[in-house]
Amino acid sequence: MPPTPSPRPPTSGPHLSPADRRRWLVLTVGMLAMTAGCTFQFGLAYLIPTLRAQGLSLAEAGLLAAAPTAGLLATLIAWGAAADRWGERIVLSSGLSLAGVVLLAAATIHHPVALGICFLAAGAAGASVHASSGRLIMGWFAAAERGLAMGIRQTAQPLGVAVAALALPSLAATGSACALVFMGACCLVAAALVVALVRDPQRAAAGQDARTGSPYRTPVLWRIHAASALLIVPQFTVATFALVFLVDAQHFDPATAGRLLAAGQIGGAAARLAAGWWSDRVGSRLQPMRITAVAIAAVVAVLAATTHSPVAVVVLLVATIITVSPNGLAFTAVAEHAGRAWSGRALGIQNTAQNAVASATPPILGALIAGVGYGPAFAAILAFPLLAAAIIPTRAEDPDPQPAISAPGAATTGTTGSTTGSTTGTATGAR
């Protein structure tokens, strides 16, 4: 049985008092925790030039950059079960603390295999932020505020990458140790803030979903999962190799390239919010997702054709923004099509597929770039967003989609880097 949280004013539904400001504090701390986790989970790509300078090939450095994502993939569901049993606060603080300690230990390690094991373990521990921060935030907010609160929280992933882009190239100028100490310290500070300021929301019984039977009896959800996984390929190609592309092909110094890409990540955070706002206005998740997939393909095509031109810098910046924008649309569509009773399992499948593709993309693309160069490698990924656009089941979408959330404990929707709670109490992270 989960522990009974200490008494506090109701924080959701019709009983939520406007005077209760703790929910905004919880939102802020939860977002900081998520940002700290995403800084190392998805920001290690900004250490690739340093790792190469230490003697690693591009493929080997890409494999190390992907290790935290692989660790995250292995423990998302386990951390969700822990949050259901012991509460979100203890899961957030313990996972971030463990990740911070592992990253500090990694700063003393030089062997690439041992370093990869540390990154894998840190990712597995840091998955706690994906498994609990979304549910924590959703539990503290009334239904009328949850969209805004979750949208703000969803910006943590691109903001975490922006922090990495700004800080890591400069910190790693003399080696990777300082950068790893910085990321470990961020995790430990975030864990301390969670312990000091966060309290678990009151648990409320989830309502019963009107639907019966598995939503997987039709191919709609499978097609959304597949399209989302396909769109991860251009997203992680750009996120992983943008810095090294600017250094190798455009002759930027790492610090300047990092600052430029940080601006792109901030733009990506805004794009996620804009995509959600757009889908609310048009009453559709999948039609905007298809349009965005086609736009991603167009940007990738231009990038492949201009790799040796200064124009590629602008195109790459656009790519860092647009490739992250459809994640929230897909997760919202999954929750709405699955219904409340199945949304937790459906979002778990969604997260698993996306993180599996995210883990495989850096080493494969690193080897491809090393073999054929940036232009042909970027051209090779053009097929992924085009195929995604083709299989998105827009005709299966209800004209007026109904969100799957109506009370704490019911299914909630999120993006990449985002977290979702479910009626089963299991939460999973997303990219």
Side-chain angles (χ1 to χ4, degrees), residues 25-47 65 67-69 71-72 75-76 79 82-83 88-107 118-137 149-150 152-172 176-198 239 258 262 265-266 268-269 272 324 355 414-419 427 429-431:
L25 178 62
V26 170
L27 171 60
T28 301
V29 176
M31 183 178 174
L32 290 173
M34 186 74 178
T35 302
C38 290
T39 297
F40 80 86
Q41 289 164 353
F42 309 123
L44 284 184
Y46 295 96
L47 289 182
T69 308
L72 182 151
T75 59
L76 280 169
W79 277 118
E88 293 87 344
R89 179 172 174 248
I90 190 172
V91 166
L92 266 176
S93 58
S94 60
L96 280 172
S97 296
L98 182 57
V101 170
V102 172
L103 288 170
L104 292 180
C118 284
F119 291 162
L120 190 73
S128 66
V129 299
H130 300 278
S132 53
S133 64
R135 180 197 291 175
L136 179 69
I137 292 169
M150 196 64 183
I152 294 171
R153 181 259 181 196
Q154 289 163 2
T155 64
Q157 190 268 339
L159 290 179
V161 177
V163 170
L166 286 171
L168 299 192
S170 297
L171 290 172
S176 58
C178 289
L180 294 174
V181 168
F182 168 76
M183 292 185 287
C186 286
C187 290
L188 293 175
V189 169
L193 289 174
V194 170
V195 171
L197 301 175
V198 169
Q265 291 298 326
I266 294 171
R272 290 189 173 198
V324 303
N355 282 289
T415 66
T416 295
S418 304
T419 329
R431 176 127 352 267

Should we count CG of Leu120 as having more than 12 external heavy atoms under 6.0 Å? yes
Which atom names give the shortest non-hydrogen contact between [X] and [Y], and what distance separates them?
| X | Y | value |
| --- | --- | --- |
| Phe40 | Gly126 | CZ-CA, 4.2 Å |
| Arg89 | Val195 | NH2-O, 2.6 Å |
| Val181 | Ala107 | CG2-CB, 3.7 Å |
| Leu104 | Ala185 | CD2-N, 4.4 Å |
| Cys187 | Ala99 | SG-CB, 4.4 Å |
| Ser128 | Leu96 | OG-N, 3.7 Å |

Option passing side-chain contact (heavy atoms from CB on, under 4.5 Å) with Leu193 (candidates Leu32, Leu92, Thr28): Leu32
Under 3.5 Å: donor-acceptor pair, side chain of Ser170, backbone of Ala167: no
N/O donor-acceptor pair under 3.5 Å between Thr35 side chain and Met31 backbone: yes
To the nearest 0.5 Å, atom CG of Leu168 lies from atom CG of Leu47 at 5.0 Å
Measure the shortest side-chain to side-chain distance between [X] and [Y] over non-hydrogen atoms and say whether it is less than 4.5 angstrom.
| X | Y | result |
| --- | --- | --- |
| Tyr46 | Leu171 | no |
| Leu159 | Ile266 | yes |
| Phe182 | Leu103 | no |

